[in-house]
Number of protein chains: 2
Amino acid sequence: MATIKDVAKQAGVSVATVSYVINGTRNVAPDTAKRVRAAMEALNFHPNAVAQSLRTRTTHVIGAVVSDISNPFFATLIRGAEDCARENGYSLLICNTSEKLENELVYLQLLSRKRVDGMILAPTGKNDELIRDLITRGLQIVFIDRKIDGVDAPAVLSENEEGAYRATRYLIEQGHRQIGIILGLPHVSTTTERLRGYERALTDNGFEIDRALIAYGHSQVAEGKEACLDLLDGADRPSAVFATNNLMTIGVMMAIHKLGLSCPQDVSVVGFDDFEWAAAFEPPLTTVAQDPYRIGYEAVQLLCEYIHAHPHSQDAIKGEDRRIGVKLQIRGSVESIK
Amino acid sequence: MATIKDVAKQAGVSVATVSYVINGTRNVAPDTAKRVRAAMEALNFHPNAVAQSLRTRTTHVIGAVVSDISNPFFATLIRGAEDCARENGYSLLICNTSEKLENELVYLQLLSRKRVDGMILAPTGKNDELIRDLITRGLQIVFIDRKIDGVDAPAVLSENEEGAYRATRYLIEQGHRQIGIILGLPHVSTTTERLRGYERALTDNGFEIDRALIAYGHSQVAEGKEACLDLLDGADRPSAVFATNNLMTIGVMMAIHKLGLSCPQDVSVVGFDDFEWAAAFEPPLTTVAQDPYRIGYEAVQLLCEYIHAHPHSQDAIKGEDRRIGVKLQIRGSVESIK
DNA sequence: GCCAACTTTCTAAACGTTTAGTCTAACCGT
DNA sequence: ACGGTTAGACTAAACGTTTAGAAAGTTGGC
């Protein structure tokens with residue numbers, strides 16, 4: 001593969017001159033430039049980005065660490081991130097942690113070694129020490145979807161508490177009194193925020209919080225289903241269930257189906273995180289719609305802006321969290337029982 | 001950030017020695033090694049992968065070019081690819097083409113400049129010249145999901161023709177005589193292969209091929225819906241529709257719903273490409289299930305094996321296409337009309 | 001005590017760029 | 001005709017590694 005030297009030789013100039021015409025960083029006489037361009041063309045020369053990165057100390061790569069890219073939420077988040085990255089001349093390196101601390105650790109080290117210009121990260125849990133360390137070492141990090149308290153990096157998040165609040169309030173307005181909730185992973189911020197919204201809606205409306213109605217489904221279809229089975233199994237079963245992520249919503253629907261109940265006649269359901277085909281379900285699902293595309297897009301935007309404004313800065317990116325609005329998407333999975 | 005020089009100085013050895021202990025490429029006296037490791041630890045040294053790449057001419061990065069990572073099919077394909085890549089010490093660089101030739105072109109150039117060790121590519125259409133050029137320049141390419149005739153690179157594909165054949169035959173067995181088909185993008189290989197399977201099933205069973213029953217939905221929900229509306233609008237409407245990808249299947253369901261018809265009573269539907277929640281639909285969808293995870297996994301496997309066996313080879317990766325089996329997943333969207 | 005063989009370490013050149021600094025020649029005003 | 005300015009091109013160091021080859025030191029056989 002041709003190098004800048006070959007081009008220089010072919011065009012009868014120094015490598016510096018070639019570099020100047022590639023990057024337009026200094027004046028080059030028009031006919032010299034033409035000769036150089038002809039040589040590049042003839043040799044089919046494409047600058048080696050690795051060498052450029054080594055010299056300029058910037059890779060134009062952003063790492064994206066998520067738990068599972070095959071989850072539609074993260075898939076469209078990544079899509080947004082990638083679109084924004086491309087617009088700014090960056091590429092995205094994908095890392096799936098499968099919610100394992102250990103994988104996350106390995107990936108964070110890897111991205112650091114690869115000298116990515118920044119990363120977006122949906123933290124799995126308590127790798128704080130390492131993350132803090134990376135930040136002090138000059139790696140730019142933006143949290144997505146979730147955050148870690150006490151780590152000084154901006155985050156782009158959904159209005160989790162508000163969304164859960166509205167979902168719960170809506171169920172209350174429809175006359176529901178016994179409202180179960182299926183929560184995700186206990187130690188991630190989305191879970192605690194959504195729980196807070198649920199609890200606030202209940203107390204704001206004068207209800208007690210009943211621990212028996214709170215279940216954990218670990219953000220998975222199967223576990224969400226199990227948790228819901230437990231919930232619906234009890235003596236006085238809730239008339240409504242709030243599932244706090246997309247996968248667990250599916251699990252809830254399966255559980256209802258399995259028990260021979262029907263939605264919304266026997267049990268009303270609200271999900272968190274809308275997805276493209278929620279409307280095609282029977283019944284069409286009522287959900288709290290997030291905007292994952294925008295989360296990804298804005299997180300990368302934040303990174304790019306900062307990198308552009310402070311190139312090679314060792315200082316951590318600052319700025320407060322950005323909350324992306326949610327919307328209660330009312331369809332057909334909730335019945336009024338006034 | 002500490003470099004190998006800093007470590008060498010701290011440990012009182014040459015950089016070469018440090019390199020040897022990092023990579024274990026030469027004997028180093030045990031206590032020297034210990035000193036070096038201590039220095040690395042103390043300085044929190046992590047080798048610069050960019051410099052390593054420049055020197056060793058291998059980046060340990062694989063490019064993944066797909067049309068849309070937010071499509072569940074590609075999302076899980078990528079998931080499989082990433083899992084395999086990680087197991088082999090590689091990372092994945094993601095590129096969304098949005099089915100645009102122009103984007104594909106830009107990305108192919110980019111990946112070539114970044115000197116990725118290989119790439120998996122779902123070709124959008126007719127960028128043959130460039131792709132051929134990249135291959136001769138020594139870039140290792142494996143096609144996924146689709147292929148381009150006449151380009152000498154292996155592909156990992158579903159049994160498209162067989163899947164379409166079985167779907168169509170199944171509909172015929174259930175007594176359907178007028179079977180519409182909604183095809184994807186005209187110039188991609190999956191489309192032609194699936195059409196071939198459909199036609200073969202018809203002729204094998206003594207039916208004529210009726211052009212009026214063949215529609216194009218360009219692989220999108222909205223266009224699939226439109227195409228289906230056209231199909232169902234005619235005088236003698238088909239009793240069954242075969243939608244040849246996941247998005248268009250959704251479009252077909254929407255179209256049926258919109259016309260006030262119901263599935264499967266009025267129109268039977270078979271989709272191509274199963275997805276996680278197809279079973280949760282009402283009716284549960286009968287589809288030809290592909291295994292995108294395995295497609296991604298095996299494609300990367302192929303790359304890694306080749307790269308491992310022929311490091312730095314300029315010769316294009318060879319080997320015949322690998323077909324991943326499909327399975328007709330019978331659920332509830334087809335009615336028998338015997 | 002010497003030579004061979006081996007072990008351990010070092011020196012220095014490469015990988016392919018960018019870029020600060022220098023050189024040369026042309027041009028201009030006086 | 002001369003010094004000052006400027007445009008255009010070049011030289012060489014640097015980015016952080018790897019690695020072939022050389023050097024120095026150790027061991028062992030005789």
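These numbers were taken from a predicted model, which means no experiment stands behind them. Residue numbers begin at 1 in each chain, while the letters A, B, ... track the order of the sequences.
We find that A:R137 and A:D133 are joined by a salt bridge, their nearest charged nitrogen and carboxylate oxygen being less than 4.0 Å apart. A salt bridge links B:R86 with B:D83; the closest basic N to acidic carboxylate O contact falls under 4.0 Å. A salt bridge between B:E99 and B:R146 is present, with a side-chain N of the basic residue lying under 4.0 Å from a carboxylate O of the acidic one.
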N/O-N/O pairs, protein side and nucleotides 5-7 of chain C side, under 3.5 Å:
none

Every protein N/O within reach of nucleotides 22-24 of chain D N/O, cut-off under 3.5 Å:
none

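Of all the residues in residues 32-45 of chain B, B:F45 reach under 4.0 Å from DNA chain D with at least one non-hydrogen atom. Near-neighbour residues of DNA chain C inside residues 46-60 of chain B, defined by a heavy atom below 4.0 Å, number-ordered: B:L54, B:R55, B:R57.
B:N88 places no side-chain N or O within 3.5 Å of a backbone atom of B:Y90 that could act as its donor or acceptor partner.
Between A:T3 and the phosphate of C:dG16, there is no side-chain N or O to OP1/OP2 separation shorter than 4.0 Å. Here A:S19 reaches the OP1 or OP2 of C:dT18: one of its side-chain N or O atoms lies under 4.0 Å away.
Under the rule for a side-chain contact (heavy atoms from CB on, under 4.5 Å), the partners of A:S158 that lie at least two apart in sequence or sit in another chain are A:N160, A:Q290, A:I295, A:V326.
Between the axis at the start and the axis at the end of the helix from C:dG1-D:dC30 to C:dT30-D:dA1 there is an angle of 50°, using five pairs per end and rounding to 10 degrees.
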